[in-house]
Amino acid sequence: MRVLVIGSGGREHALAWKLARSPRATKIYVTPGNAGTRWPASAGVAPCETLPIPADDLQRLREFAAANAIDLTVVGPEGPLVDGIVDYFQQVGLRIFGPSKQVAQLEGSKAFAKQFMSEHGIPTAPYAVARTPEEAFAYIDQHEPTLVVKADGLAAGKGVFVCDTREESRAAVQAIMVDRAFGEAGSAVVLEDRLVGRELSVLAFCDGRRAAVMPVARDHKRAHDGDQGPNTGGMGAFAPAHDVPADVVNEVVTRVIQPTLDSLIASGNSYRGVLYAGLMLTERGLMTLEFNCRFGDPEAQAILPLLKTDLIDVIDACLVGQLDRVAVEWSDEVCVAVVLASAGYPNEYRRGLPISGLDASLPNSVLFHAGTSQHGDQVVTSGGRVLTAAATGPTLAAAAERAYQLAAAVRFDGAFYRQDIGQTGAAHT
Ligand code: AMP
Ligand code: GLY
């Protein structure tokens with residue numbers, strides 16, 4: 001089977017790495033990929049090639065898939081899904097894994113997601129949607145000072161402002177709706193009650209009707225140790241989060257994931273792909289903060305190394321609506337994934353810095369590339385999140401130790417990573 005992976009981050013490297021280990025895979029392509037998403041064939045691993053087609057160029061992607069007999073396309077990032085790449089590929093009979101444009105609005109519009117959750121009784125914080133700055137300012141004036149202000153559309157994880165005061169909330173509305181810091185994504189805002197609690201990410205493979213839940217992961221969104229510093233796309237993750245009891249996971253399935261699938265079917269849609277629920281355990285109980293319509297990054301790098309079942313079999317079962325025919329099995333181990341970032345990330349950072357130590361190899365570990373490019377013989381940095389060092393082990397501590405050994409072997413000017421990935425789960429293993 002010839003498989004195309006769309007995207008260029010650590011998540012896409014992890015997807016390609018896992019897909020290449022399927023006995024059914026003969027060739028993997030990643031586009032636009034990075035310096036790590038290419039390798040020759042070796043025992044039990046299909047070869048992988050990188051192509052320079054941007055992830056938002058749906059037309060060229062479809063032309064490539066059709067002309068190169070691609071049997072399956074797997075979409076990493078949300079952008080192409082929200083733009084309708086699944087419908088677009090399916091129009092010409094190409095098989096592609098992900099939700100349709102209509103359903104991807106669960107991630108593409110926070111107002112849509114909130115309305116969907118309230119209509120269908122899915123637990124989420126009270127909220128309002130404002131379509132003009134005046135409406136937003138009026139709501140802020142009447143409301144408790146603590147609020148979360150969210151740009152409606154896609155903003156690469158940067159469109160959420162957790163505010164302590166009305167001044168901060170007004171400044172957030174100003175940035176989103178007036179200054180249009182996120183462009184069209186700011187034509188509406190969601191104003192949401194601010195919650196307090198522990199966060200968890202529950203991802204599930206979905207076949208339209210059924211969900212197969214993955215090990216619960218925890219992302220570390222702040223740039224620095226102890227959850228300090230600015231929000232980022234994610235500085236590391238671990239799975240499973242043993243501090244989340246099994247009954248909470250069951251509650252997420254019965255109160256969030258399954259009702260979402262059922263309600264979509266009732267409205268004539270169906271969700272085939274990975275559904276990601278971002279959740280918080282609060283004093284008021286379980287709350288859904290957001291939906292994503294794809295794997296998380298870096299959650300994918302912490303989850304996929306634990307998947308024992310052939311990923312192509314799982315995806316196939318989702319595409320034909322028969323997830324019940326596949327036993328999706330997971331390793332009993334723990335995986336820790338540590339992101340190595342460029343100095344300055346998530347703000348300004350330099351690119352083009354040479355990276356050394358990339359051939360470091362340790363047992364049960366893998367170095368996933370993200371913001372890397374090949375310049376002649378040299379691999380250089382080309383993004384804020386540069387690499388993810390992922391390792392599995394029998395305990396969280398063992399996995400973390402290995403992941404940090406791998407991270408320490410890699411060097412580039414100004415490289416930094418959090419030292420505490422996994423520590424919130426440490427008391428429980
Ligand atoms: P989202 O993209 O909606 O998940 O928001 C990004 C981050 O903002 C979340 O991971 C939380 O840390 C925080 N956040 C979002 N909504 C809330 C809320 N209602 N209360 C407190 N924090 C929130
Ligand atoms: N790590 C958060 C996300 O992928 O949205």
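Atoms within each ligand, like the ligands themselves, are counted from 1 in listed order.
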Under 3.5 Å: N/O of Glu192 near N/O of ligand 1: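 Yes, since at least one N or O of Glu192 sits under 3.5 Å from an N or O of ligand 1.
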In the protein, what heavy atom is nearest to [atom], and what distance, to one decimal place, separates them?
atom                    : answer
atom 18 (C) of ligand 1 : Val148 CG2, 3.5 Å
atom 10 (O) of ligand 1 : Glu199 OE1, 2.7 Å
atom 13 (C) of ligand 1 : Val162 CG2, 3.9 Å
atom 2 (O) of ligand 1  : Glu290 OE1, 3.1 Å
atom 20 (N) of ligand 1 : Leu195 N, 2.8 Å
atom 8 (O) of ligand 1  : Val160 CG1, 3.4 Å
atom 16 (N) of ligand 1 : Lys150 NZ, 3.0 Å

Is there a donor-acceptor contact under 3.5 Å from the side chain of [X] to the main chain of [Y]?
X      : Y      : answer
Arg131 : Ser187 : no
Ser331 : Glu333 : yes
Arg272 : Ile315 : no

Ligand-residue contact atoms, ligand 1 with Lys110, heavy atoms, under 4.0 Å: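 Every atom of ligand 1 under 4.0 Å from some heavy atom of Lys110: 1 (P), 2 (O), 3 (O).
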For Lys221, atoms of ligand 1 separated by under 4.0 Å from a heavy atom: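 Once the distances to Lys221 are compared, the set is 10 (O).
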Looking only at heavy atoms, which two atoms of [X] and [Y] are closest? And how far apart?
X      : Y      : value
Ser169 : Cys163 : OG-CB, 3.3 Å
Ile53  : Thr31  : O-OG1, 2.5 Å
Lys101 : Gly84  : CB-CA, 3.6 Å

Heavy-atom neighbours of Asp141 CG exceed 12 at 6.0 Å: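 Buried by this count: over 12 neighbours within 6.0 Å.
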Residue portion contacting ligand 1 (non-hydrogen atoms closer than 4.0 Å) for Asp193: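 Asp193 to ligand 1: backbone contact only, side chain stays beyond 4.0 Å.
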Of Leu94, Ile85, Leu51, the residue whose pairing with Leu61 passes side-chain contact (heavy atoms from CB on, under 4.5 Å):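 The option that passes is Ile85.
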4.0 Å heavy-atom contact, Asn231 with ligand 1: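 No heavy atom of Asn231 comes that close to ligand 1.
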Ligand 1 contact by Met287, heavy-atom criterion under 4.0 angstrom: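 Checking ligand 1 against Met287, which is what was asked, there is no heavy-atom contact under 4.0 Å.
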Cation-pi geometry met for Arg218 and Phe238 (6.0 Å, 45°):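 Verdict for Phe238: no cation-pi partner in Arg218.
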Arg2 and Tyr29 side chains, donor-acceptor separation under 3.5 Å: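 Yes, side-chain donor-acceptor contact under 3.5 Å.
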Taking only distance into account, with no hydrogens and no angle test, what donor-acceptor pairs under 3.5 Å do side-chain atoms of residues 338-348 form with protein atoms, sequence neighbours excluded?
from: Ser342; atom 1: OG; to: Gly383; atom 2: O; distance (Å): 2.8
from: Tyr345; atom 1: OH; to: Gly233; atom 2: N; distance (Å): 3.0

Between the protein and ligand 2, which nitrogen or oxygen pairs come in under 3.5 Å, and how far apart is each?
from: ligand 2; atom 1: 1 (N); to: Asp219; atom 2: OD2; distance (Å): 2.8
from: ligand 2; atom 1: 1 (N); to: Gly233; atom 2: O; distance (Å): 3.3
from: ligand 2; atom 1: 1 (N); to: Asp297; atom 2: O; distance (Å): 2.9
from: ligand 2; atom 1: 1 (N); to: Glu299; atom 2: OE1; distance (Å): 2.9
from: ligand 2; atom 1: 1 (N); to: Glu299; atom 2: OE2; distance (Å): 3.4
from: ligand 2; atom 1: 4 (O); to: Arg294; atom 2: NH1; distance (Å): 3.0
from: ligand 2; atom 1: 4 (O); to: Asp297; atom 2: N; distance (Å): 3.0
from: ligand 2; atom 1: 5 (O); to: Asn292; atom 2: ND2; distance (Å): 3.4
from: ligand 2; atom 1: 5 (O); to: Arg294; atom 2: NH1; distance (Å): 3.4
from: ligand 2; atom 1: 5 (O); to: Arg294; atom 2: NH2; distance (Å): 2.9

Working for salt bridge (charged side-chain N to carboxylate O under 4.0 Å, His left out), residues Glu49 and Arg38: CA-CA 5 Å; Glu49 200 177 303; Arg38 54 168 73 90; over 6 Å; no
